[in-house]
Amino acid sequence: MGGKGSGGARTGAGRPPKDAREKALAGWAGKRGTKAEHDAAITRANQPLPVMSPPADLPADQRAVWLELAPHAAAQRTLTDDMALAFRDLCEAITLKRRMLATIEDDGLTYQRRTVKVEREDADVELRTEECEIKAHPLLTHHRGLMQRVEVGLLRFRLSPVGKEVVPDAANAKDEWAEFDGTLQ
């Protein structure tokens, strides 16, 4: 009995402690904290961030979009100082998309392209043929690209519904093991 690897309550028995490098690689596992600390962390994570005011040099139409969306992004905790530039780009893309849509609606979805061909057989005779072709508005493809860019931006700031709850509500979560707590002695 005894010997290498048998453990026991002796000095130096058991697994050797990890050095800082190994702890970092393993994820710094250790004390997990109390339930109160865990609940406090969840409460802090569920509180909205303060609403960030728009930059001073933002144009009026983009400023209106910022003021409309910023409270929602703050509630989702996605509008931070680091993300302000991306949020500004989102506001710019939304206003540009709206302007393009207004132009498309004013001009119509299609336009007629007329081509006139002139052919000369003689010096005196000129043949003219006219072709009419219906084409899509040239801004439609650009509008579609902006729509995709805006949707990605809305998803980045969690301003677009994704069809399911992103983070479950920890305060109202039911403990499925509650009936077994305290029953073992």
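Position 1 is the first residue of the sequence, and the numbers go up from there.
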**Request:** Taking the side chain as every heavy atom from C-beta outward, state whether Met83 and Phe157 have any atom pair closer than 4.5 Å.
**Result:** yes

Interatomic distance, CG@Leu79 vs CG@Leu159, rounded to 0.5 Å, equals 9.0 Å

For Ala74 and Pro50, the nearest pair of non-hydrogen atoms, with its separation, is CB-O, 4.1 Å

Separation between CD1 (Ile104) and OG1 (Thr110), nearest 0.5 Å, reads 12.0 Å

Distance-only check: which donor-acceptor pairs under 3.5 Å involve side-chain atoms of residues 133-155, not counting sequence neighbours?
residue: His137; atom: ND1; partner: Leu139; partner atom: N; Å: 3.0
residue: His137; atom: NE2; partner: Asp107; partner atom: OD2; Å: 3.0

Output for pair (Thr78 OG1, Arg158 CZ), nearest 0.5 Å, gives 6.5 Å

Which side-chain N or O atoms in residues 59-70 pair as donor and acceptor under 3.5 Å with protein atoms at least two apart or in another chain?
residue: Asp61; atom: OD2; partner: Arg99; partner atom: NH2; Å: 2.6
residue: Arg63; atom: NH1; partner: Pro55; partner atom: O; Å: 3.1
residue: Trp66; atom: NE1; partner: Met52; partner atom: O; Å: 3.0

* Is there side-chain contact between Arg88 and Leu58, with at least one heavy-atom pair below 4.5 Å? -> yes

> Under 4.5 Å between side-chain heavy atoms, hopping through other hydrophobics if needed: is there a path connecting Leu101 to Ile94?
Replying inline: no

Taken in chain and number order and not counting sequence neighbours, the residues that satisfy side-chain hydrogen bond (donor to acceptor under 3.5 Å, both in side chains) with Arg113 are none

| said: Is it the case that over 12 heavy atoms from other parts of the model lie below 6.0 angstrom from the CZ atom of Arg77? | reply: yes

Worksheet item: Using 4.0 Å as the upper bound for N to carboxylate O, is an ion pair formed by Arg114 and Glu130?
Response: yes

